[in-house]
Amino acid sequence: MKIAYLLTHGYHPQDIIALTFTKKAATEMQQRIQQIVGPAPARRLWMGTFHSLFCRILRREASRLGFRSDFTIYDQSDSRSLIKTIIKEMELDDKIYKPNSVQAQISNAKNNLITPGMYSANKELLSYDIRSKRPKLHIIYQNYWNRCFQAGAMDFDDLLVYTNILFRDHPDVLEFYQQYFSYVLVDEYQDTNRAQHLIVEQLAAKHCHLCVVGDDAQSIYSFRGANIHNILDMQHKIPDTKLFKLEQNYRSTQNIVDAANSLIAKNKDQIHKTIFSEKDRGSKLILTGTYSDLEESYQVAGRVQTLHDDQGYRYRDIAILYRTNAQSRTLEEALRKRNILYRIYGGLSFYQRKEIKDIISYLRLITNPADEEAFKRVINYPARGIGQTTVNKVASIVATGKTFFEVCADPEAYQLDVNKGTSAKLRGFTALIQHFQELNAELNAYQLCERVITESGIKADLAQDITVEAISRRENVQELLSAIQTFTLGAVEEGREVKLVDFLADVSLSGDMEPEVHNADDDIKNSDYVSLMTIHSAKGLEFKNVFIVGIEENLLPSEMSLNEPGGLEEERRLLYVALTRAEENCYLSYAKSRFRNGKSEACKPSRFL
DNA sequence: TAACAAGACCCCGAG
DNA sequence: GGTCTTGTTA
């Protein structure tokens, strides 16, 4: 509404930057604005997630930071794999330096804008690492930082870190964007971390037109470094700040609001608010306990069907929310049995699948030959007789500042210790990529991708695979091709010039393309489906009917949260978020046994119930 | 070096 | 339940 208001009061769409956290919330908001002001102005708004919008800015300004504008974006698995490599190269024990926790610690540092240099100079951090028996962590961090730079790559956290560095070191750039965006809006401000907070503050410093919305009771991203004080201290830090308390809930019935209030009242750490609803009492919340997770899913699917068939709700008025992505499977199966259309958000995305990552890696390598992770992925896929031993030899030379690609293009020049045959294979591979690079200059993304699949041998490799899974892999490859096709055509329609690099950025930041609709017999049905997602990604959304499943000890609250300070309260807020997604009906359930890690485990109803 | 099998470890959440 | 690692063999 605020944006719509601004647009009718003299602001142009391109003057406004509106930031959200989840992709889901961004698309939702984009759609709402489109309905109010029409598609054309809505498209010109700077609206999206922190990561996607600042990625756009970083591409424009990349040269200021020593990056190319077509830098690669490393996803978690790329970044973890690089960290693993570094730990191995430093000959450290990966039982002590667990790649996952090293990655988490680096990410944490980045979210607080601590560069490797600052890390090494920080006595507190160093002594903490020594106490936890990981004294070399700061060196891993430094190496990781350098290697990403060398590879022309940024990880997700870097998108925020480098934006801050860009603004810090280039006042003229900062000034430009300060001038450019005359209004800054942020949704769910309670979930900003230090890096995001500083960006927002700097962008808004000139016009001082900053509007943020937030609710401390819905702060659920502390694992990502979210700092609640960003919103709490705003009044004191920025002069003339006006605070509006929104205590009326226009979404939910009184019963739902009451339930949510009574839950959140148990939290010690909160700002007191009196949330009320002027809607009807509504129906009571319904709690169901079942013997197993299978039975729970079966019940939910049954109720979904009743809501749709007997009570006249559309499927799109129904959401099923869970704590972990792993819970989606049994629900999917139950819905499928009843032929209920559903969409599943998040989880293992399409682009994480092996066959897709392989193809994407070729495309990444074509746009950025320095991309180390992409290189390692496809150097021997499809198998071309270049094994681990050879790659290790190349890696030892790469450590001196060359890229994998440079070394492989001319192994002799770098005195690589391999035989003639291997050397020829390496040169053959680089020649193949160079050939694709030439094609990239004349073909569009779709045509190029088709050539890559054929000429790399991926097509042949998949074709000769006769297992059942291979069928779905081939389908996935087709799906990827049509996604590129759609992307290319869509951009052409909007009159934008589209490059391969744009598609790749879209892939790594959107996480997933439009989730596929399951059970759809024809396209007409595609607009009506049940939504399945984690509570985290449901934030900011609303549904007439909400199912919250698996409300059990060790799941909600999650077992890991219990060891973290404030963890339990955050889990409680998480359930609060889930409850307040519901407008009319809210169904809660727990199971007494559940399949986890391949085993059936006994479960108790959550203390929150 | 490739292919396959057995064992280890794991996952809480998002961009 | 799945992926990733390690070991064995040709």
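Naming convention: chains lettered A, B, ... in sequence-line order (proteins, then strands); numbering from 1 in each chain.
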S.K.: Do the charged groups of A:Arg364 and A:Glu373 touch, with an N to O distance under 4.0 Å?
M.R.: no
S.K.: With sequence neighbours excluded, tell me which residues meet side-chain hydrogen bond (donor to acceptor under 3.5 Å, both in side chains) with A:Tyr189.
M.R.: A:His197
S.K.: Under 6.0 Å from the six-membered ring centre of A:Tyr221 and within 45° of its axis: does the NZ or CZ of A:Lys539 meet both?
M.R.: no
S.K.: Which listed nucleotide (B:dA14, B:dG15, C:dC4) is nearest to the side chain of A:Lys84?
M.R.: C:dC4
S.K.: Please give me every residue in residues 553-566 of chain A whose heavy atoms get under 4.0 Å of an atom in DNA chain B, ordered by residue number.
M.R.: A:Ser558, A:Met560, A:Glu564
S.K.: Can you sort out which residues in residues 600-609 of chain A have a heavy atom within less than 4.0 Å of DNA chain B? Ascending by number, please.
M.R.: none
S.K.: Would A:Lys95 and A:Asp93 pass as an ion pair if we require N to O under 4.0 Å?
M.R.: no
S.K.: Base, sugar-phosphate or nothing for A:Arg596? Non-hydrogen atoms, less than 4.0 Å.
M.R.: nothing
S.K.: Could you spell out the base pairing of DNA chain B in dot-bracket, with Watson-Crick or G-U pairs whose two distances are under 3.5 Å, [ ] crossing and | to another strand?
M.R.: |||||||||......
S.K.: Would you call A:Lys110 and A:Asp158 a salt bridge, using N to O less than 4.0 angstrom?
M.R.: yes
S.K.: Whole angstroms only, please: what is the CZ-C1' distance between A:Arg224 and B:dA14?
M.R.: 6 Å
S.K.: Among the candidates B:dA14, B:dC10, B:dG15, find the nucleotide nearest to the side-chain atoms of A:Asn597.
M.R.: B:dC10
S.K.: For A:Tyr587, enumerate each residue passing the ring-ring contact (aromatic ring centres under 6.0 Å, His included) test, keeping only those at least two apart in sequence or located in another chain.
M.R.: A:Phe547
S.K.: Going by number, which of residues 94-107 of chain A have a non-hydrogen atom under 4.0 Å from DNA chain B?
M.R.: A:Lys95, A:Asn100
S.K.: So which nucleotide from B:dG13, B:dG15, B:dT1 ends up closest to the side chain of A:Gln76?
M.R.: B:dG15
S.K.: Using ring-ring contact (aromatic ring centres under 6.0 Å, His included) as the criterion, list what pairs up with A:Tyr590, not counting sequence neighbours.
M.R.: none
S.K.: side-chain hydrogen bond (donor to acceptor under 3.5 Å, both in side chains) with A:Thr324: which residues, sequence neighbours excluded?
M.R.: A:Gln327
S.K.: Given B:dA14, B:dG15, C:dG1, identify the nucleotide with an atom nearest to the side chain of A:Phe223.
M.R.: B:dA14
S.K.: A:Tyr74: which residues meet the ring-ring contact (aromatic ring centres under 6.0 Å, His included) condition with it, sequence neighbours left out?
M.R.: none
S.K.: Does the plane of the ring in A:Phe404 sit parallel, tilted or perpendicular to the ring in A:Phe375? Use 30° and 60° as the thresholds.
M.R.: tilted
S.K.: B:dA14 P sits how many Å from A:Leu541 CG, rounded?
M.R.: 13 Å
S.K.: List the steps and the verdict of side chain to side chain donor-acceptor pair (under 3.5 Å) for A:Glu412 and A:Ser423.
M.R.: CA-CA 8 Å; A:Glu412 281 78 15; A:Ser423 170; 2.7 Å; yes
S.K.: A:Arg474: what forms a salt bridge (Lys or Arg N to Asp or Glu O under 4.0 Å) with it, not counting sequence neighbours?
M.R.: none
S.K.: Less than 4.0 angstrom from a charged side-chain N to a carboxylate O is my criterion; do A:Arg353 and A:Glu479 meet it?
M.R.: no
S.K.: Parallel, tilted or perpendicular, judged at 30° and 60°: which one describes the rings of A:Tyr345 and A:Tyr529?
M.R.: tilted
S.K.: On the 0 to 90° scale, with breaks at 30° and 60°, tag the A:Phe503-A:Phe487 ring pair as parallel, tilted or perpendicular.
M.R.: perpendicular
S.K.: What is the distance from CD1 of A:Ile535 to C1' of B:dC12, rounded to the nearest Å?
M.R.: 11 Å
S.K.: As a test of reading the structure: which of B:dA14, B:dG13, B:dT1 is closest to the side chain of A:Thr389, going by heavy atoms?
M.R.: B:dT1
S.K.: Quote, to the nearest angstrom, the P distance that separates C:dC4 from B:dG13.
M.R.: 16 Å
S.K.: Give each protein N/O atom lying under 3.5 Å from an N/O atom of nucleotides 2-4 of chain B, with the pair distance.
M.R.:
| from | atom 1 | to | atom 2 | distance (Å) |
| --- | --- | --- | --- | --- |
| B:dA2 | OP1 | A:Asn380 | ND2 | 3.3 |
| B:dA2 | OP1 | A:Gly385 | N | 3.2 |
| B:dA2 | OP2 | A:Asn380 | ND2 | 3.1 |

S.K.: Just to verify, what does A:Tyr362 make a ring-ring contact (aromatic ring centres under 6.0 Å, His included) with, not counting sequence neighbours?
M.R.: none
S.K.: Rounded to whole angstrom, note down the C1' distance from B:dC12 over to C:dT5.
M.R.: 24 Å
